[in-house]
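These notes are about the structure you will find just below.
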Amino acid sequence: MPELPEVQTVVRGLIQKVLGKEIQEIIELRPGTVIWQTEITNLGNIVEISRRGKYIILQTSEKLKLIIHLRMTGKLIFETDWNKNAKHARAEIIFTDKTKLIFNDVRTFGKIQVMNHDEEVEAFSRLGAEPLSETFNKRYLTEKLLRRTAPIKNILLDQRVVAGLGNIYVAEILFRSKIDPRKSGKILKSVQIKDIVKHTKVVLQEAIKHNGTTISDYRSVEDKTGEFQNFLKVYGKKTCECGAQIIKIKQAGRGTYFCEKCQK
DNA sequence: ATTGCTTCCTGAGCGC
DNA sequence: TGCGCTCAGGAAGCAA
């Protein structure tokens with residue numbers, strides 16, 4: 001599932017492969033994949049590629065922007081063979097040099113929004129701090145956890161609190177912080193909040209360095225897997241490094257992995 | 001204001 | 001071999 005490190009890896013790949021290219025057309029292969037929020041005559045060249053939370057932002061010379069969310073199984077694969085097709089291709093961004101970007105998505109939850117450069121992305125107004133920015137610090141998180149009775153796992157998954165974390169990284173962050181994911185946000189000690197902030201930054205940076213985590217679907221722009229799955233300590237594991245059994249429960253509709261011995 | 005449930009969707013894996 | 005079931009989960013929408 002693409003979370004911040006995977007999206008960041010895709011952005012890095014896009015900068016290498018498609019920055020500067022001129023978009024000839026966007027072909028929607030499955031209805032509902034592309035959301036047109038403005039009239040288009042000419043798409044223009046890609047002039048800037050960035051990320052906000054788990055959203056990818058492509059800006060063009062024609063004052064347009066494409067907002068792409070991969071959700072669970074979305075991929076953006078760069079393809080130099082114009083005639084090549086992919087099994088679950090939902091849309092294609094065709095460039096004038098006969099290369100293309102295939103938006104592949106088994107579960108079809110991913111979307112591409114096409115809108116004006118100066119138009120506000122509604123979803124962005126709800127997003128919390130970027131975890132790798134200065135804004136995401138102990139003071140910020142302490143304020144966000146105030147009065148929140150939900151389990152810390154659920155709170156960290158909430159994009160309004162911090163933008164970019166998903167199920168895998170939250171599990172790893174709480175493991176490294178030695179905090180029980182079931183623990184209510186508001187009862188966390190000052191030092192625990194400090195640890196969450198610290199380990200969030202460390203885990204995300206390490207994962208970015210290793211091109212993200214591939215459990216099943218995630219691939220880079222070059223259709224390669226990440227490597228951070230080799231460094232996971234709890235997500236999907238049976239045994240903890242301490243020797244105890246990893247426990248699996250369900251929280252917020254998702255699998256939570258943790259070690260009862262290490263995480264209090 | 002916050003919480004937690006449901007919904008969207010397809011393929012993999014499992015038991016029989 | 002194939003059927004039916006469960007599981008995987010990001011975020012919106014909704015009820016409480």
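For dA11(C), one of the phosphate oxygens OP1 or OP2 lies less than 4.0 angstrom from a side-chain nitrogen or oxygen of Lys54(A). A close approach under 4.0 Å does not occur between any side-chain nitrogen or oxygen of Arg160(A) and OP1 or OP2 of dA1(B). Distances shorter than 4.0 Å separate none of the side-chain N or O atoms of Lys250(A) from OP1 or OP2 on dC7(C). Neither OP1 nor OP2 of dT10(B) sits under 4.0 Å from any side-chain N or O of His88(A). Dashed line: the shortest gap from a side-chain N or O of Arg71(A) to OP1 or OP2 of dA11(C) is not under 4.0 Å. Phosphate proximity of dG9(C) to Tyr235(A): present, with a side-chain N or O under 4.0 Å from OP1 or OP2.
Rounding to whole angstrom units, CG of residue Leu4(A) and P of dG10(C) are separated by 13 Å. The distance from atom CG of Asp105(A) to atom P of dC9(B) is 12 Å, rounded to the nearest whole Å. In this structure, the CZ atom of Arg126(A) is 11 Å from the P atom of dA11(C), given to the nearest Å. Atom CG of Asp217(A) and atom C1' of dG10(C) are 14 Å apart (whole Å). Regarding Arg254(A), its CZ atom lies at a distance of 18 Å from the C1' atom of dT6(C), rounded to whole Å. Here the P atom of nucleotide dG11(B) and the NZ atom of Lys75(A) are 12 Å apart, to the nearest Å. Rounding to whole angstrom units, CG of residue Asn167(A) and C1' of dG10(C) are separated by 10 Å. Rounded to whole Å, the distance from NZ on Lys111(A) to P on dT7(B) is 18 Å.
Relative to the side chain of Arg147(A), the nucleotides dC9(B), dG10(C), dT2(B) differ in distance, and dT2(B) lies closest. Taking the side chain of Phe109(A) as heavy atoms from C-beta on, and the options dC9(B), dT3(B), dA12(C), the nearest nucleotide is dC9(B). Here the side chain of Lys248(A) is nearest to one of dC7(C), dA12(C), dG10(C), namely dC7(C). Of the candidates dC9(B), dT10(B), dG4(B), dT10(B) carries the atom nearest the Arg90(A) side chain, counting heavy atoms from C-beta on.
In terms of modelled atom types and a separation under 3.5 Å, the side chain of Lys201(A) and the main chain of Pro131(A) share a donor-acceptor contact.
Using bins of under 30°, 30° to 60° and over 60° for the plane-to-plane angle, the ring pair Phe228(A)/Phe231(A) lands in the parallel bin. Aromatic ring pairs are classed by plane angle as parallel below 30°, tilted from 30° to 60° and perpendicular above 60°; the pair Phe78(A) and Phe95(A) is tilted.
At the heavy-atom level, Gln159(A) lies under 4.0 Å from the strands shown only through sugar-phosphate atoms. Among the atoms of the strands shown, only primed sugar atoms or phosphate atoms (P, OP1, OP2) are found under 4.0 Å from some heavy atom of Thr149(A).
Ion pair Arg182(A)/Glu260(A) flagged as a salt bridge, since at least one NZ, NE, NH1 or NH2 atom sits closer than 4.0 Å to an Asp/Glu carboxylate oxygen. Contact check on Arg107(A) versus Asp217(A) returns a salt bridge, with a Lys/Arg side-chain nitrogen under 4.0 Å from an Asp/Glu carboxylate oxygen.
A donor and an acceptor atom, one from each side chain of Ser177(A) and Lys198(A), are nowhere located under 3.5 Å apart.
If you find the closest nucleotide of DNA chain B to Ile155(A) and to Gly253(A), the one lying nearer the 5' end belongs to Ile155(A).
No hydrogens or angles were tested; on distance alone, a donor-acceptor pair under 3.5 Å links the side chain of Arg107(A) to the base of dA8(C).
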